[in-house]
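Below is one structure, written out as structure tokens; the observations come after it.
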Amino acid sequence: MAPPPQPLPPGLSLGRTLGKEKFHKSQHWGFCNNVAMLVGEDKPGIGGEPLPGQKLKPKYSVFPAGMGSDAPAWVAFDKQVLSFDAYVEEEVPDKNQELYRIRHCKIYFYLEDDTIQVIEPRVKNSGIVQGTIVRRHRIPLPPPNEDEYYTIHHFNINTEVIFYAQRYKITDCDQFTKNFLRKMGVRLNPPASCPDDPYTKERQKILDNMNPLRPYERVDTLKQFLEHDGHVLRFFCVWDDPESMFHDPRELVLHYYLSDDTIDMKEITPVNSGRDAVPLFLRRDKLPKYAPTGLYQPGTITARTVLNVFGNLVGNRGRYILDNRKTGAVHQEFYKDSDLKIGEVINVWGRKILLCDCDEFTKDYYRTKYGIEDFTPVPYKTLPPPKPEKTFPPYTGFGSEEDSLCSCKGLLPKPPQKDFKKFLEKDRNGLESNILRFLAKLVTDSPVDKDRKFIICYFLSDDTISVYEYTQRNSGILGGKFLERGRIKKPGQELFKSEPSEYFKAQDLFVGARVCFHGHNFLLVDADEYTINYMEKHANEFSVADTGFILKKLKDIAEPRSREIRQVFAATDPEHTKVIAYEPFRNLIVSITDGAFSEHEIMTIGRYYGVKEEYETDLHLLLAVAQEQLKKNSFENFGQLSAVFVYNDREKCGVLPYQMCRTICKSFKLPLADDLLEAVLTMFEDDNKQVEYKKFLDGLNWRENQIPAFQTIRLPLKNEDDWNGQPPSLPFKKIKYLPLLDDLFGKEE
């Protein structure tokens, strides 16, 4: 027996609440803890278990156990769609031509979320809005089961489905859908035939029986256009016009358009040729081959050939049909891509055009399509006449030579441009002065001028030279600026000439060189350390500082006397110490080369094979000099400096790398010279090249650890004898001659 109906809660009207059938099916009254409440029919019991007599309806498609993976449906069935062919029979009550209409459509069932989409393929000139009929979403079943949705089990071949009161007849499906349904255990029905639309069938008959009102011949050029649109062959041509006044060849460019086999030509007009520049030499069109009998009359060649069937029999009205056999038609040949080759002569409306060359795309096209490999161009351009050499008038003496030359190069004189790039590269940058300094003396017999000393400065940024005289007490000559900074011409040049004058370069200045500045002859006797190091660093620019070049030059001179030279060097070293002093070494080189080597070249060899003396620097002396510099600049910020050192010491070991300590000191703008700072840091290095920064800071702190004042050590000045042909000062006194002999003559057996 069915359970007795439960009473309604007080105050609830039956007419107002139970007015819909859907409400009756989906929900009912029940009791929970003796309290009446509204519960759903498909609501399970405790733990999700169904109640006695309750059948839970699945909300989504249920697949057989063990089929596929355990992944969720939106992952397992991603991008998997079932496709069904269907049609709809639609009534047409307001037209006499058709009583009903058959509309073909596609039904797509998406397995990932059970959504359905209906699409009607577009038919040309149908007059019906087609495309997506039902957008993608879950579609409910027709009443009385509208609380449920369509699943995969509702679809099969030769069945009907109802979407929103519209009946769809499924006729067939694709192969993937058939395989999937068979795996699901669905027995597929045989495919059904799709009926034809009567109106469409009737209209197709009319179209098949319809003939054009005029003769029609279909010429399909769409394929050629789609394949070769934008592809153009380019040839470089020449037309030797015999009837022109000057009989000069005309250069042309021919373009062949592969999309429609048309040709256009453009003339290359030279500058100042006197010809009018026209847009095109030949308008784009198909180019006919020249007929033997001449040009055809207008109307002779037509695109179609038609026949008058009745002629003049029926009044003035004629009936024309298309002549498919083209009886009596005149066929004219046009130039194709196969007719265009390098070296061929084509006829362009009576003008003989020679194809001389083509571009790379054209070569690739002919190489791929026709297998042509020979693309040797035909020479057609005459060599241009040699440009006449420009001659300039001689220098007049007014202004500088460069300024006067600029006035001859144009109507509007411009000032001579300086080498700004060289100025940026060789200008002073930090400690790099880019200034070569030499010590010189006058080459003269005057006893007054013989002892005068000069400093010659060469500025690499603009090749200018300045000369200063060294001030000597009780000499009777005022020192200071001797020659204003500027470029100096080499002596012995003609003043008024067309060619530019030669000026002194950096390569002309070296130790031992003799130079003449405005009538004053100087002998360069020494150079500072920066100059010597710069010349050795740029040995490719200064041959007197190139060790390899000097050794090769010395080897060419001394190789025939190698045994004798070895004996001379061995005699100079009687104690067999393998080193000799610089003075006898210099004398030996001078005697071997017979004075062919300059003083700078001998000095370069001596510096390369010299034994450098190591000087022990007193730590207290360095710290005293550093404290004096810090004190003069009022530097007292030792606390913050120490804090930065401690912060960078991550391992708290009391030492930091040398480069890091130098960077920290530079960031604090420590008022110490670079060489002094590097020397002090080196003094506090340990065996692992790590600086003990605590001792370093204690040594610099002139407030807490002041070092007693020290007496300044003055280096003695050079004697005057050092400038009278004596060798320049060197940082070494002894030369290792055995490596020199081995490099010159090889190792002695």
Side-chain angles (χ1 to χ4, degrees), residues 219-296 298 300-301 303 330-387:
V219 179
D220 186 10
T221 58
L222 180 61
K223 180 180 178 181
Q224 181 181 359
F225 173 78
L226 294 177
E227 290 180 353
H228 298 289
D229 182 31
H231 297 172
V232 182
L233 307 181
R234 182 171 63 169
F235 290 89
F236 302 98
C237 319
V238 64
W239 172 39
D240 192 0
D241 187 6
E243 298 180 0
S244 63
M245 180 180 298
F246 302 103
H247 194 69
D248 53 340
R250 310 270 290 272
E251 296 181 17
L252 307 171
V253 177
L254 182 145
H255 294 144
Y256 184 90
Y257 298 87
L258 294 173
S259 59
D260 54 358
D261 299 327
T262 56
I263 294 176
D264 70 0
M265 301 180 71
K266 184 177 181 181
E267 182 180 3
I268 301 176
T269 307
V271 181
N272 298 329
S273 63
R275 300 184 183 275
D276 294 333
V278 294
L280 289 174
F281 181 81
L282 177 66
R283 181 174 57 86
R284 178 178 175 178
D285 199 356
K286 287 190 175 183
L287 181 62
K289 294 183 179 180
Y290 191 67
T293 58
L295 298 178
Y296 294 100
T300 305
I301 300 175
V330 178
H331 298 279
Q332 186 177 21
E333 295 184 3
F334 297 93
Y335 279 104
K336 300 291 184 180
D337 54 350
S338 58
D339 301 324
L340 305 179
K341 299 178 183 178
I342 295 179
E344 292 288 333
V345 177
I346 62 175
N347 193 318
V348 181
W349 300 107
R351 296 169 177 82
K352 303 295 182 180
I353 306 297
L354 174 64
L355 305 183
C356 301
D357 200 358
C358 60
D359 59 359
E360 290 298 328
F361 173 78
T362 307
K363 294 179 182 178
D364 294 339
Y365 176 81
Y366 280 94
R367 188 181 294 112
T368 304
K369 185 174 182 179
Y370 297 105
I372 299 176
E373 296 292 341
D374 185 15
F375 297 100
T376 305
V378 178
Y380 63 96
K381 290 185 178 180
T382 58
L383 296 177
K387 294 184 178 181

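Note that the coordinates shown come from a computational prediction; the quantities given were computed from them, not determined experimentally.
Nearest heavy-atom pair across C237 and L355 is SG-CD2, 3.3 Å. Considering every non-hydrogen atom in both F334 and K286, the closest pair reads CD2-CB, 3.6 Å.
In the model, D261 has a side-chain atom that pairs as donor or acceptor with a side-chain atom of Y256 under 3.5 Å. Y370 and D337 form a side-chain donor-acceptor contact under 3.5 Å, judged by distance and modelled atom types alone.
Using a distance-only test at 3.5 Å, with no hydrogens or angles considered, no donor-acceptor pair links the side chain of D364 to the main chain of F361. For the pair D264 (side chain) and K266 (backbone), a donor-acceptor distance under 3.5 Å is absent. T362 places a side-chain N or O within donor-acceptor distance of the main-chain N or O of R234, the cut-off being under 3.5 Å.
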Chi angles and distances behind the side chain to side chain contact (heavy atoms under 4.5 Å, CB included) call for R367, F375 | CA-CA 10 Å; R367 188 181 294 112; F375 297 100; 3.6 Å; yes

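The shortest distance between side-chain heavy atoms of D357 and K363 falls below 4.5 Å. Counting heavy atoms from C-beta on, the side chains of I353 and L254 never come closer than 4.5 Å. Inter-residue side-chain proximity for L287 and L282 is flagged as met; some heavy-atom pair is nearer than 4.5 Å. A 4.5 Å side-chain heavy-atom check between V253 and F235 finds every atom pair outside the cut-off. A 4.5 Å side-chain heavy-atom check between L233 and C358 finds every atom pair outside the cut-off.
Rounded to the nearest 0.5 Å, atoms NZ (K289) and CG (N347) are 11.0 Å apart. For the atom pair CG of L252 and OH of Y380, the computed distance is 10.0 Å after rounding to the nearest 0.5 Å. From I346, atom CD1 reaches atom CG of L340 across 6.0 Å, with rounding to the nearest 0.5 Å.
Looking at D248 and R275, a side-chain N of the basic residue comes within less than 4.0 Å of a carboxylate O on the acidic one, giving a salt bridge.
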